Amino acid sequence: MGRNIYLGLGLLWTVFILYACLIESSSVPKASFLDIPHKDKIAHFTFYCIFSILWFLRFSKRNVISSNKILAFRIFTIATLMGGTVELMQLFFTTSRGAEWGDFIVNCLGSFVGLLICLTTKRNKKI
């Protein structure tokens, strides 16, 4: 896919994360078949893993390993700042949500794993 596709997907995914994390919890539909333990943490991990992969694919350059590591560090930093900001916004600007350290940690872990996948794939397959 072209880099502009990843730009569009990255922007849409970022907006989706912000929307999903900041809407009132009462407006989130409840699905009984999704009654699995820690589904909130799984969602946070997935949100930030995909976020990091999309933005890495948008900005990565071919065959430049050291700059890809710097890019991964920058994306991880942005994901960490965004995750922390969202948690603070949940605490101060929503009535049915609260900030959780666990969500913040899982956000960071999701971003880290997504970037690790990108760096490993880039090194082994030259994506």
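Fair warning: this is a prediction, and the values are worked out from it, not measured in the lab.
With a 6.0 Å radius and a threshold of 12 heavy atoms from other residues, nucleotides or ligands, Phe59 has its CZ atom above the threshold.
You'll find the ring centres of Phe47 and Phe16 inside the 6.0 Å limit.
For residues 8-23, there are no salt bridge (charged side-chain N to carboxylate O under 4.0 Å, His left out) pairs, not counting sequence neighbours. Identified under the salt bridge (charged side-chain N to carboxylate O under 4.0 Å, His left out) test for residues 100-112, with sequence neighbours left out: Lys41-Glu100, Lys41-Asp103. For residues 76-94, there are no side chain to side chain donor-acceptor pair (under 3.5 Å) pairs, not counting sequence neighbours. Annotation: side chain to side chain donor-acceptor pair (under 3.5 Å) contacts involving residues 104-119, sequence neighbours excluded, comprise His44-Asn107, Ser52-Ser111.
A donor-acceptor pair under 3.5 Å is formed between the side chain of Arg97 and the backbone N or O of Ile23.
Residues meeting the side-chain contact (heavy atoms from CB on, under 4.5 Å) test with Leu88, sequence neighbours left out: Phe92. With sequence neighbours excluded, no residue satisfies ring pair (Phe, Tyr, Trp, His ring centres under 6.0 Å) with Phe73. Residues forming a side-chain contact (heavy atoms from CB on, under 4.5 Å) with Thr120 (at least two apart in sequence, or on another chain): Leu116, Arg123, Asn124. By the side-chain contact (heavy atoms from CB on, under 4.5 Å) test, Leu11 pairs with Leu7, Trp55, sequence neighbours left out. Residues that satisfy the side-chain contact (heavy atoms from CB on, under 4.5 Å) test with Leu91, not counting sequence neighbours, are Ala99.
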